[in-house]
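This chain uses plain numbering: 1 for the first residue, then up along the sequence. None of these values were measured; they are calculated from a predicted model.
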Amino acid sequence: MCGIVGYVGSRNTVNILLEGLKRLEYRGYDSAGICFFTEGTMTVKKEVGKLIHLERRLAEEKVGSGTGAGIAHTRWATHGEPSVRNAHPHLDCSGRFSVVHNGIIENNAFLRKQLQEEGHRFASETDTEVIVHLVEKHFQGDLAEAVRKASLALEGSFAVEAMSAFVPDEIVAVRRGSPLVIGTGQGEQFVASDIPALVAYTREVVWLEEGDLAVVRPEGIRVLNAVSGSAVQRETQRVAWDAQQVEKGRFPHYMLKEIHEQPEAILQMAQRGVLFQGAAPERLFAGADAISQIDLVACGTSWHAALVGKRMIEKMTGLRVEVDIASEFRYREPIVDSKTLTIGISQSGETADTLAALQMAAEKKSAIWAICNVAGSSMTRLAETVLYTDAGPEIGVASTKAFTCQLVALYQLASTIAAVRGTAPLSEPERRSELSVLSKQIREILQREEEIRALASEYRQKRDFLFMGRGIYHPIALEGALKLKEISYIHAEGYPAGEMKHGPIALIDPEMPVVFLVPQDAVYEKVLGNIEEVRARGGRIIALAQVGDERVADQAHHALYLPKNNTFLNAVLMTIPLQLLAYHIALQKGCDVDQPRNLAKSVTVE
């Protein structure tokens, strides 16, 4: 969840570290710090709050450019309050070793007590500080060996960068459970927890795998197995997108930019077809050994996509589909065997709970697939088959284009399985045509942004919202509520509209806005009945309806009319106004749209 950056080379180390941290601000953080060399002396600077505070301090103190190695960090607090002393990097007793860390050290208390008994003095409340004291303890002239031995004593998940005054042109990085990627250059190397920190300097990267330790020097990198110390080979990959794609461009916020990128992202998915990588999917769905059940596991927004995907796959294929929040799947002893396909869904491919759920399913002999946006991520390496959304970088913490591309990917997946089973409702060309139309329809909705901005202005002072939908639109209601609460801090809940009389109706009064998703489907009349129940109790009704539906206008206080596609893709169309409504309410309330409080983009710890 924290941001990690490292650099070794001849450029301005301080500037590169700061620029890297800026590109990782979306991950969420409460403090920031850097460690670098000035005239051969290792220097650490840390500040609480946004990165601008650290930049101001460096400017006021007229800190130089730095030379050689440097490491930097944005912290999201787990152990100890947000403060300067708890911010990373952390130093050992001598001030000659420095460490930054993402993850959680579960045996921190035991190690701290042991090290204190050996005479080590601690300056923070963090679990991270035990790492740097362990490195100090094990150092005998070889930083890599000291970090390796320190890592063997740690229990939990971690991505660590370490540097030392004894080797000013070297960083040692080690990972277990949290991501690290190395960017390779000519006479310089970069280390980070995510690609955006590197892509302005290089597009050639090496993803560290579980249990890897990397020795990073200007001339190159060496990767070892952290347990045995033996050398391992890791392939260099080329990042598909460039630095321009992680800039806001003409938009004031990443979230708005990414909302407006959805038509192009979906058009690309339509034009290229289904982007599978790995084992051919057909072998699982034909013959006597065909799978009989699919489990979809995900967290947050991706879980909402999974709920939509369940209905798509079941309707098109006749297969049974279970959906689990990944953190619950791990602990409910699910019935999983060799006739089960478990599919993890994650934008980043690094979501800790989803990875753990897939690993558990693999141990039970389930086939493992992934739907993911980031090539080379942990999930894509774990899965035998990957369906890439290929939406490009998503920087805003509140997911938008990643969600709609997941919906499209699930639609493509359901169609592919149905084709193998002989139940596909459409041919491949017909499906591509519908997705191309979907892209144009989203553009039409985006052109009505002013209408949604005006609606946001009317409702921005409300303290509570309800979102109602039925069938495939219930998860879309959940997603609409999540977007609003994430970035505007307004309390919002999503419900199946049929559950109104089982509790939520008690909340209805003239101060309660209720957003209804009202497609003209099999339960259309029932949803109109639910709207009438809210209206009778004075609630304010915002309806997302389809073009030509005059009945909704008679009952709703505000009706937004959307174009029509097939039942499954209508769910995508219903999503777009909810994203814009949340964005404009948050903006008008003065909230930090791209970096909402307490949230991180990639949840890499439990």
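- Using modelled atom types, one side-chain atom of N107 and one backbone atom of E155 make a donor-acceptor pair closer than 3.5 Å.
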May I have the list of side-chain donor-acceptor pairs in residues 51-59 shorter than 3.5 Å, sequence neighbours left out?
| unit_1 | atom_1 | unit_2 | atom_2 | d |
| --- | --- | --- | --- | --- |
| E55 | OE2 | K22 | NZ | 3.0 |
| R57 | NE | E61 | OE2 | 2.9 |
| R57 | NH1 | K46 | O | 2.9 |

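- A distance-only check finds no donor-acceptor pair linking the side chain of T351 to the backbone of T354 [under 3.5 Å].
- Applying the side chain to side chain donor-acceptor pair (under 3.5 Å) criterion to Y583, with sequence neighbours excluded, gives H253.
- Salt bridge status for K401 with E258: absent, with no side-chain N to carboxylate O gap under 4.0 Å.
- Taking 4.5 Å as the limit, every side-chain heavy atom of I182 sits out of range of all side-chain heavy atoms of F190.
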Criterion side chain to side chain contact (heavy atoms under 4.5 Å, CB included) on S457 and Q588, from CA distance to verdict = CA-CA 7 Å; S457 180; Q588 292 173 29; 3.3 Å; yes
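- Checked by atom type, the side-chain pair H491/E493 shows a donor-acceptor distance below 3.5 Å.
- When the side chain to side chain donor-acceptor pair (under 3.5 Å) test is applied to Q579, the partners found at least two apart in sequence or on another chain are Q262.
- The side-chain heavy atoms of Y201 and R11, taken from C-beta on, include a pair separated by under 4.5 Å.
- Closest heavy-atom contact between S98 and P89: OG-CB, 3.2 Å.
- At least one donor-acceptor pair under 3.5 Å links the side chain of N12 to the backbone N or O of V14.
- The pair D127-R112 does not meet the salt-bridge criterion, since no charged nitrogen lies less than 4.0 angstrom from a carboxylate oxygen.
- Enclosure of atom CZ in R381 by more than 12 non-hydrogen atoms of other residues, nucleotides or ligands within 6.0 angstrom is indicated.
- The salt bridge (charged side-chain N to carboxylate O under 4.0 Å, His left out) pairs that include a residue from residues 579-597 are K50-D592, where partners are two or more places apart or lie in different chains.
- The two atoms that bring A69 and V8 nearest to each other are CB-CG1, 3.5 Å, heavy atoms only.
- No side-chain heavy atom of M379 sits less than 4.5 Å from a side-chain heavy atom of E350.
- A donor-acceptor contact shorter than 3.5 Å links the side chain of Q189 to the backbone of P218.
- S302 and S346 share no donor-acceptor pair across their side chains, judged by distance under 3.5 Å alone.
- In this structure, F251 places its CZ atom where more than 12 heavy-atom neighbours from other residues, nucleotides or ligands lie under 6.0 Å away.
- The backbone N or O of V227 lies less than 3.5 Å from a partner atom in the side chain of R148, making a donor-acceptor pair.
- Contact annotation: the side chain of F158 approaches that of L154 to within less than 4.5 Å [non-hydrogen atoms, C-beta and beyond].
- With a 4.5 Å cut-off on side-chain heavy atoms, C93 and E136 count as touching.
- E204 pairs by the salt bridge (Lys or Arg N to Asp or Glu O under 4.0 Å) definition with R238, not counting sequence neighbours.
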Quick one: do I487 and I585 satisfy side chain to side chain contact (heavy atoms under 4.5 Å, CB included)? Show the steps, please.
-> CA-CA 9 Å; I487 63 172; I585 287 178; over 6 Å; no
Side chain to side chain contact (heavy atoms under 4.5 Å, CB included) assessment of Q406 paired with H304 = CA-CA 10 Å; Q406 286 172 350; H304 298 158; over 6 Å; no
Dump the intermediate steps for side chain to side chain contact (heavy atoms under 4.5 Å, CB included) on I371 and T389, then the final yes or no.
-> CA-CA 7 Å; I371 295 176; T389 53; 3.9 Å; yes
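- Taking both residues in full, the closest heavy atoms of A586 and V593 are given as CB-CG2, 4.2 Å, listed atom of the first, atom of the second, then distance.
- For the pair L198/V181, a side-chain contact is recorded, criterion being any heavy-atom separation below 4.5 Å from C-beta on.
- Residues meeting the ring-ring contact (aromatic ring centres under 6.0 Å, His included) test with F97, sequence neighbours left out: F139, F166.
- One N or O on the side chain of N373 and one on the backbone of G392 form a donor-acceptor pair closer than 3.5 Å.
- The main-chain N or O of E125 is found under 3.5 Å from a side-chain atom of N86 such that the two form a donor-acceptor pair.
- With hydrogens and angles disregarded, a donor-acceptor distance shorter than 3.5 Å links the side chain of S164 to the backbone of R96.
- Not counting sequence neighbours, E81 has no partner by the side chain to side chain donor-acceptor pair (under 3.5 Å) test.
- By the 6.0 Å contact criterion, CZ on R121 is open, its count of non-hydrogen atoms from other residues, nucleotides or ligands being 12 or less.
- Of all heavy-atom pairs between A150 and I131, the closest is CB-O, 4.4 Å.
- Looking at E210 and R176, no side-chain N of the basic residue comes within less than 4.0 Å of a carboxylate O on the acidic one, giving no salt bridge.
- Taking the salt bridge (Lys or Arg N to Asp or Glu O under 4.0 Å) definition, one finds that D92 meets it with nothing, sequence neighbours left out.
- Residues that satisfy the ring-ring contact (aromatic ring centres under 6.0 Å, His included) test with H88, not counting sequence neighbours, are H73, H90.
- Between V323 and A306, the shortest heavy-atom distance links the atoms CG2-O, 3.6 Å.
- Evaluation of the side chain to side chain donor-acceptor pair (under 3.5 Å) rule for K248 yields no partner, not counting sequence neighbours.
- Minimum interatomic distance between R330 and M360 (heavy atoms only, all atoms of both residues): O-SD, 3.5 Å.
- With sequence neighbours left out, F122 forms a ring-ring contact (aromatic ring centres under 6.0 Å, His included) with H133.
- A donor and an acceptor atom, one from each side chain of T301 and K483, are located under 3.5 Å apart.
- No more than 12 heavy atoms of other residues, nucleotides or ligands lie within 6.0 Å of CD in Q140, so this atom counts as exposed by the packing criterion.
- Residues passing the ring-ring contact (aromatic ring centres under 6.0 Å, His included) test with H138: none are found, sequence neighbours excluded.
- Donor-acceptor pairing under 3.5 Å is lacking for the side chains of S83 and R85.
- When the options S193, S151, S378 are evaluated for a side-chain hydrogen bond (donor to acceptor under 3.5 Å, both in side chains) with R175, the one that passes is S378.
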